[in-house]
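Notes for the one structure printed next.
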Protein chains: 2
Amino acid sequence: MAPTSSRETVAPAEPGSSPDLRELVSALEGSPAEQGLRERKKRARRAALIDAAQNLVAEHGLDAVTVEMISAEAGVSPRTFFNYFESKDDAVLGAEDTGLPEDVIRTFVEGGPTGRLLSDLQVVVAALLAPAGEAHDRVMRAMDLMQQEPALLRRHVVWMDRHKSRLGELFEARRATSPFTTDAELLTMLVLLMLRTALVAWEHAGYTGNPADHLPAAVAQLVDLVSADLVS
Amino acid sequence: MAPTSSRETVAPAEPGSSPDLRELVSALEGSPAEQGLRERKKRARRAALIDAAQNLVAEHGLDAVTVEMISAEAGVSPRTFFNYFESKDDAVLGAEDTGLPEDVIRTFVEGGPTGRLLSDLQVVVAALLAPAGEAHDRVMRAMDLMQQEPALLRRHVVWMDRHKSRLGELFEARRATSPFTTDAELLTMLVLLMLRTALVAWEHAGYTGNPADHLPAAVAQLVDLVSADLVS
DNA sequence: GCGCAAAAATTCATCAACTGCAAAAAGATG
DNA sequence: CATCTTTTTGCAGTTGATGAATTTTTGCGC
C-alpha cells in the first residue's frame with residue numbers, strides 16, 4: 001500500500017529525489033515529520049521486524065529461524081509479519097522496492113547525459129544504487145547475510161524480474177530517439193552485472209562511502225576486458 | 001530419451017585426471033549402455049516426472065500444480081518425487097547439473113585457447129551451453145515455461161550460485177598462470193550474462209540449431225557496446 | 001524358481017511458509 | 001464519548017519439504 005502523502009511539492013536538499021523516490025525517502029529514518037502515530041508505529045514495526053530477522057539469522061542461520069521467532073522478537077503476531085513482508089527472505093533483506101528517479105529516466109530516454117550507451121547505463125545504475133547507499137546499515141547487513149546464506153540470492157532474481165519489464169521499456173524508449181543495436185536482454189543483464197559488481201566491491205572496501213563509488217571501477221574492468229580482446 | 005547423464009551409483013575409477021580438476025567435472029555422458037534395469041527405471045521415472053511436471057504446468061500454471069498432481073500423473077508417491085528432485089521447480093525445469101568437460105577446464109586454466117580472456121570465456125560458456133543443446137526438448141519447454149512463470153527464474157540463480165565457487169576457482173587458477181585484473185565476481189556475472197543472452201537469442205530464433213550458435217553474436221554485441229563508448 | 005541383501009518406494013508423521021477470513025483492538029475524528 | 005477506519009490478531013487450512021520406519025522391488029547367487 002502506498003503511504004498517504006498529501007504533499008506534492010517537497011523541496012528536497014537530498015540528492016536524486018523525485019515523486020517516485022518519495023516513498024523511499026519518507027521510509028528512511030530521515031523524515032521527522034510525524035505524520036500521525038499510525039505511520040510512525042508502522043515504520044517502527046517494520047524496522048523492528050527487519051532488525052529481528054537480521055539478528056536472528058546472523059546468529060542462528062537462515063533455516064533455523066522461523067517467522068514465528070522473528071515475530072516474537074519483534075513483539076507482533078506471526079500473522080502480522082505477513083502484513084509487512086511477503087516472505088521471510090524479504091524481511092531478512094529489508095527489501096524495499098524503490099523506483100528510478102524521473103529525471104534520470106527522462107535523461108536516459110532522450111539520449112542520456114553523454115550519448116554513449118554504456119556510460120549512460122552507468123548513470124542509471126548509479127541511480128539504482130543510490131537508495132542502497134542511504135539505507136547503508138540494513139543493506140550492509142543484508143549483504144553480509146547474503147554471503148552466509150546463498151539461498152537469499154533468489155531475491156536478487158525476483159528484483160531483476162520485477163524490474164526487467166521496466167528496464168525493457170526504458171531501453172526501447174531510448175532506442176526510438178537514439179538507436180542502438182544491443183538487445184534489451186543483454187542490457188538488463190549488464191545492469192545486473194554492474195549492480196552486483198559495484199555492491200560486492202563496496203563490500204570488499206569495508207562498506208566505506210557509497211556503493212555507487214565503485215561503479216566506475218567496475219565499468220573500467222569491463223572496458224579493459226573487452227579492449228584486451230580487441231587489441232590482440 | 002535423454003542421453004545426458006545424471007548420477008552413477010558405481011564409481012568407475014577414471015585414471016589420469018588430476019584430483020583438483022576432477023572435482024570440477026561431473027559425470028558427462030556417462031551411460032553408454034543401458035546397464036541394469038534399476039538404472040533404467042530411475043531414468044524413466046525421472047523423465048516421467050519431468051514430463052508430467054512440464055505438461056501440467058503448461059496447462060494449469062505453476063501455482064495451480066501441486067507435487068501431488070505431478071506424482072499422481074507420473075504414477076509415483078509424492079514422497080518419491082522428492083527422492084528425485086529437491087523442489088517442484090527443479091522438476092519443472094528438468095534441472096540437470098552437468099559439469100564442464102575436463103579438457104575445456106584445463107585449456108582455460110592454462111591460458112585458454114586464444115589467450116584473450118573474453119574469447120576464452122566464450123569457449124567456456126559454449127561448453128556450458130552444450131548440454132542444453134543436447135537436452136533440447138526439455139530445455140526448450142523449460143524456457144517457454146520460464147517465460148510464463150518468472151518465478152522459475154530463481155532456479156537460474158541457484159544454478160549460478162552452485163557454480164559460482166567452481167567458476168571462482170577456475171578464474172583464480174587461470175590467474176596464476178596468465179594474470180589479469182578482472183574481478184572473479186564480474187567474470188561470473190559475465191558468464192551468466194552470456195549464458196542468458198545466448199539462450200534468449202536461441203529462443204527468439206525458434207530453438208533452431210544450438211544455443212551456443214548464438215553466443216558469438218552476444219559477445220559481439222558486448223564488444224560493440226564497449227567500443228562505441230571508447231571511440232566517442 | 002528361491003531366498004537373501006541392498007536399494008528404492010511408500011506410508012506416516014511433522015514442520016514451516018504462507019493465505020483467507022472474521023473478530024478484536026487501536027488510531028483518528030468530531 | 002461515539003463512531004469510523006485502519007491494523008492487528010487468532011484460527012483454520014493448503015502446500016512444499018523433510019525424516020523415520022516400513023514395505024516393495026530389484027539384483028544375484030543358488
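Throughout, a chain's letter reflects where its sequence line sits, starting with A, and its residues are numbered from 1. Reckoned from all heavy atoms, side chains included, excluding hydrogens, waters and symmetry mates.
- Note on Tyr84(A): every side-chain N or O is 4.0 Å or more away from OP1 and OP2 of dT7(D).
- Phosphate contact (OP1/OP2 of dA8(C), side-chain N/O of Asn83(B), threshold under 4.0 Å): absent.
- In terms of phosphate contacts, Thr80(A) brings a side-chain nitrogen or oxygen within less than 4.0 Å of OP1 or OP2 of dT9(D).
- Between Asp90(B) atom CG and dG16(D) atom P the separation is 14 Å, expressed in whole Å.
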>> Working note: Thr188(A) + Phe171(A), criterion side-chain contact (heavy atoms from CB on, under 4.5 Å); need CA distance, chi angles, decisive distance, verdict.
In response: CA-CA 9 Å; Thr188(A) 304; Phe171(A) 299 146; 3.6 Å; yes

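- Distances shown here put every side-chain N or O of Lys88(B) at or beyond 4.0 Å from the OP1 or OP2 atom of dT15(D).
- Of all nucleotides listed (dG16(D), dG10(D), dT11(C)), dG16(D) comes nearest to the side chain of Phe82(B).
- Taking atom CG of residue Leu49(A) and atom P of nucleotide dT7(D), one finds them 15 Å apart after rounding to whole Å.
- Near DNA chain D, defined here as any heavy-atom distance below 4.0 Å, the residues from residues 51-71 of chain B are Val65(B), Thr66(B), Val67(B), listed numerically.
- Contact check for Phe108(A) versus Val123(A): no side-chain heavy atoms found under the 4.5 Å cut-off.
- Between Phe85(A) atom CZ and dC18(C) atom P there is a gap of 12 Å when expressed in whole angstrom units.
- Rounded to a whole Å, the NZ atom of Lys42(B) is 14 Å from the C1' atom of dG27(D).
- Of all nucleotides listed (dT19(C), dA9(C), dT8(D)), dT19(C) comes nearest to the side chain of Arg79(A).
- For residues 197-215 of chain A, the set of pairs meeting the salt bridge (charged side-chain N to carboxylate O under 4.0 Å, His left out) definition, not counting sequence neighbours, is empty.
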Please list every donor-acceptor pair under 3.5 Å in which a side-chain atom of residues 63-70 of chain B meets a protein atom from a residue at least two apart or in another chain.
| residue | atom | partner | partner atom | Å |
| --- | --- | --- | --- | --- |
| Thr66(B) | OG1 | Glu68(B) | N | 3.3 |
| Thr66(B) | OG1 | Met69(B) | N | 3.2 |

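- By the side-chain hydrogen bond (donor to acceptor under 3.5 Å, both in side chains) test, Glu149(A) is found to be paired with no residue, residues two or more places apart in sequence or in another chain being considered.
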What does the list of N/O pairs under 3.5 Å between the protein and nucleotides 28-30 of chain C look like, with a distance for each?
| residue | atom | partner | partner atom | Å |
| --- | --- | --- | --- | --- |
| dA28(C) | OP1 | Leu37(A) | N | 2.8 |
| dA28(C) | OP1 | Arg38(A) | N | 3.2 |

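- Applying the ring-ring contact (aromatic ring centres under 6.0 Å, His included) rule to His136(B) yields the partners Trp202(B); only residues at least two apart in sequence or on another chain are considered.
- Within the structure, every pair that satisfies the side chain to side chain donor-acceptor pair (under 3.5 Å) test and touches residues 190-200 of chain B, not counting sequence neighbours, is listed here: Glu185(A)-Arg196(B).
- A side chain to side chain donor-acceptor pair (under 3.5 Å) check over residues 44-61 of chain A, counting only residues at least two apart or in different chains, returns the pairs Asp51(A)-Arg141(A), Gln54(A)-Arg141(A), Asn55(A)-Arg141(A).
- Residue Arg45(A) has no polar side-chain atom (N or O) positioned under 4.0 Å from OP1 or OP2 of dT7(D).
- Computed from coordinates, the Glu86(B) CD to dT18(D) C1' distance equals 12 Å when rounded to whole Å.
- The side-chain contact (heavy atoms from CB on, under 4.5 Å) test applied to Pro150(B) returns Asp161(A), not counting sequence neighbours.
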